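One structure is given below, encoded as structure tokens.
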Amino acid sequence: MNQRISLIVDGKPATVDADPAMPLLYALHAELGLNNPKFGCGKAQCGACTVHLDGAPVRSCVLPVSAAAGKRVTTLNGLGTPENPHPLQAAYIAEQVPQCGYCLSGWVMTAAAFLRNNPKPTDAEIRQAMAGIKCRCGTHMAILRAIKRAAAAMSA
Amino acid sequence: MNPFTRRDFLKATGSLVVSVAMPGAVATAVGQGISSRAMIGDKPSLLPNELDSWIAVLPDGSVTAFFGKMDMGQGVDVAIAQMVAEEMDVAFEKVTVVMGDTEFTCNQGGASGSTGIQRGGVTLRNAAAEARRILVEMAAKKLEVPLGELAVEDGVVHVPGYALQRVSYGELIGGKHFHHQIEWNKRYGNALALKVRAKPKPPSRYKVVGKSFPQKIVADKVFGTAQYITDVRVEGMLHGRVIRPPNAGCTPVSVDEGSIRGIPGARVVREKDYLAVVAEREWDAVRAAEQLKVTWSAQCTPFPPMEKLYQHIRETEPNGKRVPVNRGNVEATLKGAARVVEAEYEWPLQSHASMGPACAIADVRDGEARLWTGTQKPHFARDGVARMAGLPLDKVRATWVMGPGSYGRNDAGDAGHDATLLSKLTGRPVRVQYMRHEGTGWDPKGPAAVFRGRAGLDASGNVVAYDFYGKGFTRQEVATNESNPKDTLAGQLTGWKPKANIVFQHPAEDYAFTNKRCWWETIPPMLAVASPLRVSHLRDPLGPELHFASESFIDEVATAAGVDPVTFRLRHLAHNSRHAAVVKAVAEKAGWRAGPSPNRGKGDVMVGRGVSYTERNGTVVAVIAEVEVERSSGRVWAKKFTVAHDCGQIINPGGLKLTIEGNVVMALSRTLFEEVRFTPNNVASVDWATYPILELADAPEAIDIVLIDRPEMAPQGAGEPSTRTVPAAVANAIFDATGVRVRRVPITPERMKAALARA
């Protein structure tokens with residue numbers, strides 16, 4: 001019943017031997033040992049598990065691992081490095097956004113895809129684009145500042 | 001000194017294998033291993049009366065501070081490092097704060113009651129001052145110079161003006177222990193205090209305290225390299241999932257183990273009424289929990305219909321009562337008053353709804369137990385695990401690893417006991433991660449309550465009597481920590497008998513009414529054992545509930561007296577300059593003009609502003625909210641908040657502002673969106689769809705913060721106090737905008753629309 005499924009995670013080839021219906025999140029976190037994305041709800045309601053699949057944000061807690069076969073998965077960890085941070089990561093550090101930080105994959109991965117297509121968003125567009133992403137610590141003001149800071153840096 | 005090696009770490013931490021192949025997967029325990037291993041010689045016992053329990057100087061002169069409280073994301077550890085650096089006269093960068101491990105830190109109560117700096121920090125400050133005193137004494141001997149001629153700069157003791165007369169902390173004691181006894185008050189937890197010979201610095205000489213330093217851990221979080229409790233992997237561990245009943249209070253009668261036979265390695269673990277599954281692979285445990293067929297005991301209806309919750313509270317025979325404030329003669333004065341203003345307010349059950357459900361890993365074997373937990377009180381978790389596993393305290397070690405948010409006694413307080421029980425029963429290390437329905441549905445809830453204010457006015461509108469009454473669930477149906485299994489689901493399901501503490505509160509304000517009474521009554525739990533609606537601490541326990549009511553009511557009294565709400569508050573706070581100061585500061589910053597909004601009730605989008613003020617254990621906060629109320633949809637948008645905040649001496653203004661912002665937004669979420677839903681059979685708020693919280697679209701446009709710094713005063717708390725001020729400011733602003741008073745939370749669009757229609 002298990003299948004061997006190959007995918008590319010943060011630029012490196014990886015293989016899991018698993019139930020094809022198992023959500024991608026369990027492949028990444030439990031089977032491949034990544035520390036992100038996070039399990040938040042298992043229902044695509046919060047965003048904490050968000051990764052890019054061939055560049056587009058998906059909720060890995062509901063996407064079957066078989067749907068990622070042969071595709072490129074990018075996690076928060078693969079988005080940038082301390083030496084070469086994504087502008088959103090740099091902005092998040094500058095604005096000291098997270099408290100618990102468990103929600104970060106949702107915000108950063110969703111905003112990264114959003115800013116790629118909307119380099120100069122308005123405040124209202126940002127608020128709308130982030131619908132469905134949760135933060136329980138209430139860091140929303142800093143999140144808004146960081147996304148705007150990153151947008152400014154990206155279009156500078 | 002031997003360099004720290006991985007083998008040392010493994011020796012120090014037993015069987016923990018922390019996904020060593022992953023970059024940056026450094027457990028909190030690793031750092032703590034380093035600070036311990038780098039020290040030579042016998043470390044004295046970990047007791048509060050040993051200076052070595054608090055401060056260590058490493059050979060390179062860097063300093064480790066052992067903090068027995070916790071940072072849960074607001075950056076308390078940064079403030080602690082500042083306080084220690086300041087007293088020891090070392091650079092901020094040289095201080096590492098170790099916390100959350102029972103092997104390295106004394107029990108200062110964990111994260112609790114916004115006392116991280118107020119109590120925990122002050123203790124570390126005393127210890128650091130004492131360490132500096134001893135180091136300077138050592139230097140005086142070594143340099144053969146009188147004490148008074150010595151100064152310290154960045155960890156180097158020297159004689160000013162004489163370049164060669166100098167010795168560093170590292171040279172004096174690096175890698176060795178102080179072996180110095182200090183006095184402590186023999187109390188563990190929040191109350192722990194030290195008495196030392198050294199005198200902390202006068203604030204006029206501060207270089208590090210009062211400045212903003214960032215949290216280094218933010219970068220690890222942002223690059224996805226930080227290790228969370230969910231990322232701890234122990235060799236040979238099983239994955240566990242707990243089975244919750246379809247109806248609260250039901251117990252398993254029979255379990256069809258064949259229903260999960262097709263899932264590799266999955267099996268049932270049962271002890272009395274406790275039921276769980278374990279499997280070698282996580283997904284198999286998840287599937288097994290979903291597929292397991294259980295016959296449950298007959299359906300019971302432990303709860304009233306949800307729409308009768310407040311009626312239930314009002315009508316239930318109380319099990320506790322107190323009258324903490326009783327000045328003059330309230331009843332007689334009310335009877336003689338020209339006018340009596342009276343109003344009632346209602347606040348629902350609310351969930352911690354942490355960002356992810358709780359996770360814990362336990363390894364109970366060979367007469368020892370090891371726990372990795374995200375709880376905010378790891379020392380108390382150790383005590384509970386010892387009881388659950390039937391082991392002496394010194395055979396149990398708990399290590400905190402950061403988790404998905406906290407905000408009080410959330411589901412993390414249960415998960416550690418699940419992991420312990422499952423490890424004990426299987427003889428293997430077990431990792432338990434809850435599912436979303438447990439995180440939202442089965443965490444302890446913030447208490448629901450009803451409040452009634454009554455005020456008597458004389459013919460000129462002066463307040464002659466003031467009566468404030470609250471009634472609700474005690475805020476500690478389960479205790480605020482998990483030091484006893486009776487306060488956990490796993491404990492209660494395996495026969496530990498729960499017993500509630502009777503605790504409620506009255507409003508923390510200082511209005512000088514001559515005849516004033518504040519009193520409360522509590523009611524028993526709706527379901528005594530293993531209830532999804534059991535009540536415990538949720539950020540600022542009872543604060544939002546109480547002060548939504550009391551500060552709304554003060555506004556109603558001001559309106560009845562025909563006095564502007566800011567003027568009214570100041571009039572009755574004239575005797576308390578600190579309290580009056582925050583009200584003045586917030587009004588000035590927000591440009592408050594006396595009188596109701598001129599545009600009240602006009603147009604589809606109605607705009608108004610409201611004020612509120614509260615105190616919490618020494619911290620005073622005033623808030624002005626500016627809201628827009630959309631008549632057609634009923635949507636309330638809190639567009640702007642102005643906050644004046646006085647928590648005494650400020651350690652880190654940048655971190656403080658972010659903390660306040662978080663409090664304001666979370667409190668706004670609870671005011672506008674949050675209510676635990678339930679049926680007579682069970683909790684119905686089990687995920688983000690059934691327990692919605694504020695999203696970015698509803699975040700304010702701006703939060704303006706005025707920090708009132710009082711360097712000469714002791715630092716007070718900031719982790720929660722601004723939470724309680726927000727709900728009434730919003731409700732008062734809604735009244736200003738619409739002329740309609742909302743007295744029930746959450747103020748959803750449906751309720752707002754209905755209230756406008758009734759007006």
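Note that this is a predicted model, so its numbers are computed, not measured. Here is how names work: the chains are called A, B, and so on, in the same order as the sequence lines, proteins then strands, and each is numbered from 1.
- The aromatic rings of B/W283 and A/Y26 are tilted relative to each other, their planes meeting at an angle between 30° and 60°.
- You'll find the side chain of B/P700 reaches within 4.5 Å of the side chain of A/M141, heavy atoms only.
- Separation of atoms NZ (B/K221) and SG (A/C103) is listed at 9.5 Å; rounding is to 0.5 Å.
- Heavy atoms closer than 4.5 Å to chain B are found in both the backbone and the side chain of A/P85.
- Side-chain contact between B/Q215 and A/Q96 is present, with at least one heavy-atom pair separated by less than 4.5 Å.
- Counting only heavy atoms from C-beta outward, the side chains of A/T139 and B/L658 never approach each other to under 4.5 Å.
- Between the OG1 atom in B/T225 and the CG atom in A/N36 there is a gap of 8.5 Å [rounded to 0.5 Å].
- At a 4.5 Å heavy-atom cutoff, the contact between B/H352 and chain A is made by backbone atoms alone.
- Only the backbone of B/T659 comes within contact range of chain A, judged by heavy atoms closer than 4.5 Å.
- With a 4.5 Å cut-off on non-hydrogen atoms, B/A702 touches chain A through its backbone but not through its side chain.
- Contact annotation for A/L104: only side-chain heavy atoms (C-beta onward) come within less than 4.5 Å of a heavy atom of chain B.
- Identified under the salt bridge (charged side-chain N to carboxylate O under 4.0 Å, His left out) test for residues 129-143 of chain A, with sequence neighbours left out: A/K134-B/E695, A/R136-B/E674.
- In this structure, A/P98 and B/V222 approach most closely via the heavy-atom pair CG-CG2, 4.4 Å.
- Counting heavy-atom pairs closer than 4.5 Å to chain A, the top-ranked of the candidates B/A353, B/G405, B/S669 is B/A353.
- With a 4.5 Å cut-off on non-hydrogen atoms, B/Y407 touches chain A through its side chain but not through its backbone.
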Run A/L144 and B/E701 through side chain to side chain contact (heavy atoms under 4.5 Å, CB included) and show every step you take. CA-CA 9 Å; A/L144 267 173; B/E701 200 169 79; over 6 Å; no
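- Both the backbone and the side chain of A/I126 come within contact range of chain B, with heavy atoms under 4.5 Å apart.
- Both the backbone and the side chain of A/H29 come within contact range of chain B, each with at least one heavy atom under 4.5 Å from a heavy atom of that chain.
- Contact of A/Q89 with chain B is made through backbone and side chain together, with heavy-atom distances under 4.5 Å.
- Residues B/F223 and A/N77 share a closest heavy-atom pair of O-ND2, 2.9 Å.
- Between A/A48 and B/M355, the shortest heavy-atom distance links the atoms CB-CE, 4.2 Å.
- Of all heavy-atom pairs between B/P357 and A/G40, the closest is CD-O, 3.2 Å.
- Once rounded to the nearest 0.5 Å, the distance linking CD1 of B/I693 with SG of A/C46 reads 9.0 Å.
- Ranking A/W107, A/Y92, A/F39 against chain B, the residue ahead of the rest is A/F39, based on heavy-atom pairs under 4.5 Å.
- Contact annotation for B/V286: only side-chain heavy atoms (C-beta onward) come within less than 4.5 Å of a heavy atom of chain A.
- No donor-acceptor contact under 3.5 angstrom links the side chains of A/H140 and B/D698, judged on distance only.
- Between B/D687 and A/Q45, the side chains place a donor N or O and an acceptor N or O closer than 3.5 Å (distance only, hydrogens not considered).
- Contact annotation for A/E31: only side-chain heavy atoms (C-beta onward) come within less than 4.5 Å of a heavy atom of chain B.
- Residue contact with chain A, scored on non-hydrogen atoms closer than 4.5 Å, involves the backbone and the side chain of B/L694 alike.
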